[in-house]
K.L.:
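Attaching a single structure in structure tokens format; questions to follow.
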2 protein chains.
Amino acid sequence: MLSVQVKPAIYPAPAASGQQARNPSAAFPHYRPGRIDHSPPAVPVAKGATLLDLTRLQSIICTTRKVKRGNALYRTHDPFDSIYTVRAGCFKTVITHRDGKEQVTGFQFMGEALGLDGLCTERHNCDAIALEDSEVSVIRFALLASLCHQVSSIQHHFYRVLSGEIVRESSHMMMLGTMSAEQRVAAFLLDLSVRMKARGYSPVDFYLRMTREEMGNYLGIKLETVSRMFSKLQKQGLVDAHGKQIRIVNPLGLSRV
Amino acid sequence: MLSVQVKPAIYPAPAASGQQARNPSAAFPHYRPGRIDHSPPAVPVAKGATLLDLTRLQSIICTTRKVKRGNALYRTHDPFDSIYTVRAGCFKTVITHRDGKEQVTGFQFMGEALGLDGLCTERHNCDAIALEDSEVSVIRFALLASLCHQVSSIQHHFYRVLSGEIVRESSHMMMLGTMSAEQRVAAFLLDLSVRMKARGYSPVDFYLRMTREEMGNYLGIKLETVSRMFSKLQKQGLVDAHGKQIRIVNPLGLSRV
DNA sequence: CGCCGTTTTGAGTCTAGTCAAAGGTGGTGG
DNA sequence: CCACCACCTTTGACTAGACTCAAAACGGCG
């Protein structure tokens with residue numbers, strides 16, 4: 001399978017300062033089917049894509065956009081015309097209920113897609129906020145669609161990206177619907193671990209980009225509860241947390257919480 | 001916009017016996033963008049689709065399949081080769097965690113799509129169980145894909161169906177993450193109300209196809225809690241529930257819970 | 001008519017939420 | 001470089017809402 005290497009498989013110590021190493025070769029949304037997949041640190045571009053396909057692919061993502069920490073890549077009701085992949089930094093997506101309540105629906109790291117929700121109504125359906133100074137590839141949807149039409153392998157890859165989003169959300173619903181607070185935090189850390197590993201970072205030692213409040217909102221619990229659960233997992237010797245710096249001491253134990 | 005009428009806009013009393021009136025013209029998954037949409041009782045087939053397109057569309061969904069109550073249309077890990085739309089009856093989709101916990105991720109009524117989760121890994125990712133004797137249109141994915149390739153309006157409609165699924169799941173996550181038990185039940189009834197209306201049934205008077213347990217599982221609460229919330233809403237004069245027969249007395253009040 | 005699965009209701013328990021206060025951390029400007 | 005400020009995090013005490021267990025009532029079906 002043709003694929004683009006995302007990172008060398010060495011583990012740079014996560015820069016506590018906030019700025020991650022960039023990698024200009026993350027060309028297309030990484031296809032990540034739920035939390036089961038332990039994919040290698042490579043981004044499958046499209047099964048059977050030829051070099052020509054790749055050249056075309058590059059041509060439609062020539063633009064990038066920088067988003068400062070706390071700023072929005074797009075907001076709810078913005079007209080939809082592009083999808084994005086994270087090149088550097090990370091984002092959260094938030095939907096807002098009319099009564100003002102907010103729900104964080106996901107966190108997106110390097111190589112992951114943003115904006116797929118907008119396709120449905122031609123307007124974006126959530127806010128995408130940068131959690132640190134970030135950069136995205138901008139993929140104009142009209143161009144992507146025409147490329148999909150020309151190259152069936154890319155078409156199918158795009159279907160999979162969309163479907164993968166559906167599967168990922170199902171798994172999030174499962175968490176919100178059935179797990180205790182402790183299990184949610186444990187599952188969250190393990191999910192991050194898998195994603196860090198897939199990006200060539202250490203799966204046991206990473207720096208959280210989001211606050212306890214954002215985490216809690218994503219997990220459907222309050223920030224104080226998140227904090228208590230971190231303390232609890234720490235007492236059990238499963239993780240070692242100093243603020244946002246996380247070390248997973250016992251992954252197996254964590255998965256059995 | 002070319003569209004196919006689903007039902008006459010009269011309200012047949014829901015058959016408490018279990019068998020709904022069938023309608024052979026529900027040809028393609030109904031595109032339902034979240035819970036905001038109060039769409040008319042018509043199924044948009046594809047913006048700008050021509051009559052020729054429709055003929056082609058009919059040709060790929062010639063097969064139907066009947067599923068008896070309690071039986072599965074497909075199960076997790078079944079190989080994916082088709083998507084489905086509900087012609088009659090209704091379904092629930094359930095994902096199962098390795099520890100045996102289950103989460104109902106959705107209920108599907110006439111005109112709604114099933115199986116989109118399978119695209120991602122070529123295997124289905126949940127169980128689809130009939131809640132009553134039901135019938136689906138079987139759409140072989142390979143054929144749909146080739147049709148999408150030939151007819152761009154159908155292609156774009158399919159993108160919207162996929163994206164709509166993502167948006168709907170986001171809204172479900174919001175419910176699971178932020179609402180009280182009472183609000184969940186109220187929101188659930190209002191969602192059903194909108195969907196019933198879109199199908200030409202009464203939006204205030206309908207028969208639930210699922211048990212309290214299935215509802216509770218979907219809503220992330222226990223069956224006893226569902227029952228208590230029904231009693232509470234009834235005391236407030238917002239709904240009138242006799243077992244599975246529901247009458248929404250005060251929709252506005254219900255939306256303000 | 002009786003059985004089985006479903007629903008309702010009650011009483012007691014426990015998890016997570018709320019409110020409050022103290023302790024950290026990082027970023028900014030002097 | 002340090003001090004200050006704003007924001008984030010931790011912890012405690014108390015409360016509220018949902019869960020558990022239990023039993024009775026209901027409803028559909030053979």
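Just so you know, these numbers come straight off a predicted model, no measurement behind them. To find a chain, count down the sequence lines: A is the first, B the second, and so on, and within it residues start at 1.
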K.L.:
Classify Lys232(B) by what it touches in the nucleic acid, base, sugar-phosphate, or nothing, heavy-atom distance under 4.0 Å.
P.N.:
nothing

K.L.:
Side chain of Arg212(A), heavy atoms from C-beta onward: which of dT18(C), dT10(D), dT7(C) has the nearest atom to it?
P.N.:
dT10(D)

K.L.:
Report the residue (Arg69(B) or Ile221(B)) whose heavy-atom-nearest nucleotide on DNA chain D is the more 5′ of the two.
P.N.:
Ile221(B)

K.L.:
Is Arg212(A) close enough and on-axis enough to Phe230(A), meaning under 6.0 Å and within 45°, for cation-pi?
P.N.:
yes

K.L.:
List the residues meeting side-chain contact (heavy atoms from CB on, under 4.5 Å) with Ser82(B), not counting sequence neighbours, and say none if there are none.
P.N.:
Tyr84(B), Val138(B), Arg140(B)

K.L.:
Could you state the atom-to-atom distance from NZ of Lys244(B) to P of dC29(D) in whole Å?
P.N.:
10 Å

K.L.:
Starting from P on dA16(C), measure out to CZ on Arg184(A) and report it in whole angstrom.
P.N.:
8 Å

K.L.:
In terms of relative ring orientation, are Phe188(A) and Tyr218(A) parallel, tilted or perpendicular, with 30° and 60° separating the classes?
P.N.:
tilted

K.L.:
Rounding to an integer number of Å, can you tell me how far Leu176(A) CG sits from dT15(C) C1'?
P.N.:
17 Å

K.L.:
Using a 4.0 Å heavy-atom cut-off across all strands, classify Ser227(B) as base, sugar-phosphate, or nothing.
P.N.:
base

K.L.:
Take atom NZ of Lys235(B) and atom P of dT8(C), then tell me their distance rounded to the nearest Å.
P.N.:
11 Å

K.L.:
Under 4.0 angstrom, heavy atoms only, what part of the nucleic acid is Leu223(A) near: base, sugar-phosphate, or nothing?
P.N.:
base

K.L.:
Has Arg247(B) got its NZ or CZ under 6.0 Å from the middle of the six-membered ring of Phe206(B), at an angle within 45 degrees of the ring axis?
P.N.:
no

K.L.:
For salt bridge (charged side-chain N to carboxylate O under 4.0 Å, His left out), just list the numbers for Lys232(B) and Glu182(B), CA-CA rounded to whole Å, side-chain angles, deciding distance to a tenth of an Å, and then say yes or no.
P.N.:
CA-CA 8 Å; Lys232(B) 192 171 178 185; Glu182(B) 189 180 10; 3.3 Å; yes

K.L.:
Considering only dT8(C), dT7(C), dC19(D), which nucleotide approaches the side chain of Thr211(B) most closely?
P.N.:
dT7(C)

K.L.:
Can you tell me how far P of dT8(C) sits from CG of Leu233(B), to the nearest Å?
P.N.:
12 Å

K.L.:
Find the distance Met229(B):CE to dT8(C):C1' and express it as a whole number of Å.
P.N.:
13 Å

K.L.:
Between Phe107(B) and Phe91(B), is the gap from one ring center to the other below 6.0 Å?
P.N.:
no

K.L.:
OP1 or OP2 of dT9(C) sitting under 4.0 Å from any side-chain N/O of Ser231(B)?
P.N.:
yes

K.L.:
Tell me: CD of Glu182(B) to P of dC19(D), nearest whole Å?
P.N.:
14 Å

K.L.:
If you find the nucleotide of DNA chain C closest to Ala181(A) and the one closest to His242(B), which residue's nucleotide is nearer the 5' end?
P.N.:
His242(B)

K.L.:
Could you tell me how far apart Lys222(A) (NZ) and dG17(D) (C1') are, to the nearest whole angstrom?
P.N.:
13 Å

K.L.:
Just the atom pairs and distances: protein N or O near nucleotides 12-16 of chain D's N or O, under 3.5 Å.
P.N.:
| from | atom 1 | to | atom 2 | distance (Å) |
| --- | --- | --- | --- | --- |
| dG12(D) | N7 | Arg228(A) | NH1 | 3.1 |
| dG12(D) | O6 | Arg228(A) | NH2 | 3.1 |
| dA13(D) | N6 | Arg228(A) | NH2 | 3.4 |

K.L.:
Salt bridge check, Glu214(B) against Lys92(B): does any charged N sit closer than 4.0 Å to a carboxylate O?
P.N.:
yes

